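What follows is a single structure, written as structure tokens, with notes after it.
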Amino acid sequence: MDYQFKDIEQKWQQFWAKNQTFKVDNDSQKPKYYVLDMFPYPSGAGLHVGHPLGYIASDIFARYKRLRGFNVLHPMGYDSFGLPAEQYAIQTGQHPAITTETNIATYRRQLDQIGFSFDWSREVRTSSPDFYKWTQWIFMQLFNSWYNKAADKAESIEKLVAHFEQNGSSGINAVCDEDILTFTADEWNAMNNNDQQEELLKYRLTYLRESTVNWCAALGTVLANDEVKDGFSERGGYPVEQKKMMQWSMRITAYAERLLQGLDTIDWPEPLKEMQRNWIGKSVGASVKFTIYDLRFTNATDHQSPVTDNYIEVFTTRVDTIFGVTFLVLAPEHELVPSLTTPEQKATVDAYIAQSKKKSELDRMADTKTVSGAFTGSYVINPVNNERVPLYIADYVLAGYGTGAVMAVPSGDQRDYLFAKHFDLPIIPIIDIQKIETEADPTKEGTYINSDFMNGLNYKDGTAKVIEFLEGKGAGKAKVNFRMRDAIFGRQRYWGEPVPVYFKDNLPHLIDEKDLPLILPEIDKYLPTETGEPPLGRATGWNYNGFEYELSTMPGWAGSSFYWYRYMDPKNDKEFASKKAIEYWKNVDLYIGGSEHATGHLLYSRFWNKFLKDMNLAIEEEPFKKLINQGMIQGRSNFVYRLIDDEGRGTNTFVSHGLVKEYKTYELHVDVNIVENDILDINKFKQWREDFKNAEFILENGKYVCGVEIEKMSKSKFNVVNPDDLIAKYGADTLRMYEMFLGPLEQSKPWNTNGIEGVFKFLRKFWKLFHDEQFNFRVSEEAPSKAELKSLHKIIRKVEEDIDRFSFNTSVSSFMIAVNELTDLKCNKRAILQDLVIVLSSYAPHICEELWVLLGNEAGTLSYADYPKFNPEYLIEDEFAYPISINGKMKMNLNISLSLDAPAIESVVVGNADVQKYLDGKSPKKVIVVKGRIVNIVV
RNA sequence: GCUCGGGUGGUGGAACUGGUAGACACGCAGGACUUAAAAUCCUGUUCGCCUUAAAGCGAGUGCGGGUUCGAUUCCCGCCCCGAGUACCA
């Protein structure tokens, strides 16, 4: 029989499901290997050809590892809480759970068609109560923990309470809010419970606090920093504003240093690590206190004295330039601005604040050239030289970073330089080689001048000296600053995990663990209440023993921040995964997914994992050892060109792409599914839409050629290619191999179906190797020839190398070469073909399973077969003629004999007349040998 | 602006640590089979020159230079494209 991919694929997909071929146990004599895909959000649109790219790669990898004797965990599930289902619910009234269920069914059907080797018995869904029970449980652990800097790990809040009871607040070095109290043990014990709880909230790893948040009015919810792009929401693109609100946050900043350090220990793409480094944004510098100059004094020397409470703290990465400070700048929102503005300057300052408030976030970012600011009328004292310097406000200083105040050194910082020029402030050079005629010079070379005790020192010594001086005076210290902020954790939405918290005396309390999961209640409609509370406020009778529940839900990233552990033990109702399961699977060996999660999911997951490790609930510091980003598949749109008549109206005549220059036309997206190799199927086009029924065409060479453009894949551009259609036409094995053949896995590329025929032809040729002309199965038991063994072992080695390097595209090419060679050799020998089936089975599993059985093997054993061992002997070249150059110039095939151990000049005997001609009687000066081959002779 | 990728035929892309550039596939052209078409198979396909032909010669991996017997690969300078990021003190 000819290659009947439909029957074959259906048969094997059913076989795998029925026999649970890929079900994996939590213990085995084999070494473990965990291959994970980023689980999808089940959207209504279903899968397009871009989605499976990473899944196919990980499936090939998982199947390969299985063949190489590993116990492979390769699960799949759904990240099924999220906005689109809720938006749809708002529009239609349909419960998001129903929409989600339907979408999951579609996804499952589509995934099954591609022949993945997932262990579906381990499926998880973040929106199912037996899963989110554990999301809520981990939330509770975070609430019950604080970060002990001394131990550099999270610890139980009870330990902190015990310390407070015995020693008060002294001796605690914690990552916490800034407004913590200092108290003795007696004072603590005397506090009432509510005051104690309020204080503890400042330490907890998830906490409720009034903070400035990104508020998106259109979505009716707050968003985390990574969900906001350029002042607009990532989902939907609605405007986002800053607003102060009581909000749940996660104290991810406690882990900033560990998150940064950990990056050096994991095998991730460098750009992705770089993105996380930037996001964490560590800068090493110093904080310096500038005492506020009291206008009642007449000269600065009266202030030499100890630093009072009346100071402004700045953060700087260049404390060495402190003698160049000629003014200070505060952010307009800085809390000291009102009190430091003198009556004379009040009007100017107020006007400036009003003006900068009016500017949107976007304007402020875009407009970085105009210098603006206002003088407050106050002065501060530079602690190193007691000079009096003026205090300004300007919006180039951001309230959210550092202390919201900077010391301005116009000679070393370009923004300060422009500001100084504009307001006519002095610019003092402080380094001998500094060139500051036209712009600031931030050099670290040279030695200091105009810098008192630092004069003559270099950068390193000067920095150390000035920090020592400031510390001695209590006016500053070395400090590390991070750009990363704590992550906002609450969302004012319905379709998410309820927060397991109730309120008593306005303070949050955890519900009892035995009451988990806290089930998402039913509500009548999915909108905020009339009083502006989140949708959960609509739930009737929803309370905890009469106390009000928290009405926010958790953000989308909550469930995905630990889901890989749940796959290890998905049915466990006592723990999120048993200790035993976690000890066996440890962490993910290979994770494949998109780089768009760099500063979201991938950072939060690392954070939770580190926390779980601190709690002895996980054993590895990093969750994902190796990570590969598959590239995005872009859409490839096709266009037709509609002729415009004299009145400028569109006619029903369409001009082929090559001829558009000769006519007046406009372009129109055309469905890519009625175009093949950029040639329009005219009949299908006429049927495509009613108004094209009588369309006429101006053709070139009898064909209608379409225009092409690369765009995002979207329905409105008619460029969405659905994997179902391709599977129906060519089969899953072809789709799998073609997606790999398309190009390097990590590269973004447009989808293009043009080459899929080639892969299909390859599979047919492969099928034919096992069959005679009449398609009767026929293999020979003869011993293989040298040439046949060479072909086989070339591909065995190539696949090994390529899988290591994730270079799946070149493997597909190599399979084609192998099959072409074996076809030429008319090879139908079992000894060769059986091994070839095993090697190819990771890529094209269905056809290989079928052939495996035809070869007489037991059904279902292929996935765990003995992988053929590569033997380098079969690849040794037996011909001696190879190209050689003389003086790097000419190339020819020569027969040369030489002693490989000592490729000395004497040992080269050149027996070819042509070479003799080139050597021209001279003996060669030098012989260049590469890998035992002469490649060049220098005469 | 900064950081990281990347520029190779008509197209997607090969070329592992410097060693026959363009594998493999698409497309295109020609041919075989066929009443015809589809399918399949075969041949050719970087560009230019030369030749009846076989063959040969020259140029060629964004541009300019360098190192080397030899550079798509390494170094310096520039141009272009993509991604991320940005008053971060």
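No experiment lies behind these values; they were computed from the predicted model shown.
With sequence neighbours left out, the ring-ring contact (aromatic ring centres under 6.0 Å, His included) criterion links A:Phe815 to A:Tyr843. With sequence neighbours excluded, the residues forming a ring-ring contact (aromatic ring centres under 6.0 Å, His included) with A:Phe770 are A:Phe766, listed by chain and number. Taking the ring-ring contact (aromatic ring centres under 6.0 Å, His included) definition, one finds that A:Trp268 meets it with nothing, sequence neighbours left out. Remark: A:Met275 pairs with A:Ala598 by the side chain to side chain contact (heavy atoms under 4.5 Å, CB included) rule, at least two apart or across chains. Partners of A:Phe760 by ring-ring contact (aromatic ring centres under 6.0 Å, His included), not counting sequence neighbours, listed by chain and number: A:Phe5, A:Tyr730.
Relative orientation of the A:Phe423 and A:Phe419 rings is tilted, given thresholds of 30° and 60° on the angle between their planes.
Sorted by first then second residue, the salt bridge (Lys or Arg N to Asp or Glu O under 4.0 Å) pairs that include residues 736-760 of chain A, not counting sequence neighbours, are A:Asp59-A:Arg736.
The P atoms of B:rG56 and B:rG70 are separated by 24 Å, rounded to the nearest whole Å. Of the P atoms belonging to B:rA71 and B:rU61, the separation is 11 Å, rounded to the nearest Å. Here the separation of B:rG48 from B:rG64, taken at their C1' atoms, is 23 Å to the nearest Å.
Phosphate contact (OP1/OP2 of B:rC26, side-chain N/O of A:Lys761, threshold under 4.0 Å): present. Side-chain nitrogen and oxygen atoms of A:Tyr401 include at least one within less than 4.0 Å of the OP1 or OP2 phosphate oxygen of B:rA89. Contact between the side-chain N/O atoms of A:Arg277 and the OP1/OP2 oxygens of B:rU85 is not found at any separation under 4.0 Å.
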Determine whether A:Lys273 and A:Asp264 satisfy the following criterion, salt bridge (charged side-chain N to carboxylate O under 4.0 Å, His left out), listing intermediate values before the conclusion. CA-CA 9 Å; A:Lys273 289 197 203 180; A:Asp264 296 333; 5.5 Å; no
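Among B:rA89, B:rA14, B:rC24, the nucleotide with an atom closest to any side-chain atom of A:Thr316 is B:rA89. In the set B:rC16, B:rC26, B:rC87, B:rC87 carries the atom at the smallest distance from any side-chain atom of A:Arg415.
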Sort me out a list of protein N/O and nucleotides 10-13 of chain B N/O pairs below 3.5 Å, or just none if empty.
from   : atom 1 : to       : atom 2 : distance (Å)
B:rG12 : O2'    : A:Leu742 : O      : 2.9
B:rG13 : OP1    : A:Gln747 : NE2    : 2.6

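With rounding to whole Å, A:Tyr396 atom OH is found 8 Å from B:rA89 atom C1'. Atom NZ of A:Lys273 is separated from atom P of B:rG84 by 20 Å (rounded to the nearest Å). Atom CD in A:Gln634 sits about 11 Å away from atom C1' in B:rA83, given to the nearest Å.
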Under 3.5 Å for both distances, Watson-Crick or G-U wobble, that's the pair rule; now give the dot-bracket for RNA chain B, with | marking pairs to another strand and [ ] for crossing ones. (((((((..(((......[....)))((((((.......))))))((((......))))..(((((..]....))))))))))))....
Under 3.5 Å, which donor-acceptor pairs do the side chains of residues 321-330 of chain A form with other protein atoms, sequence neighbours left out?
from     : atom 1 : to       : atom 2 : distance (Å)
A:Thr321 : OG1    : A:Arg318 : O      : 2.7
A:Thr326 : OG1    : A:Pro426 : O      : 2.9

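Among the protein residues, A:Asn820 comes within range of the sugar-phosphate backbone only, with heavy atoms under 4.0 Å from sugar or phosphate atoms but none that close to a base.
Two residues, A:Lys798 and A:Ile756, neighbour RNA chain B, and the one matched to the more 5' nucleotide by heavy-atom proximity is A:Lys798.
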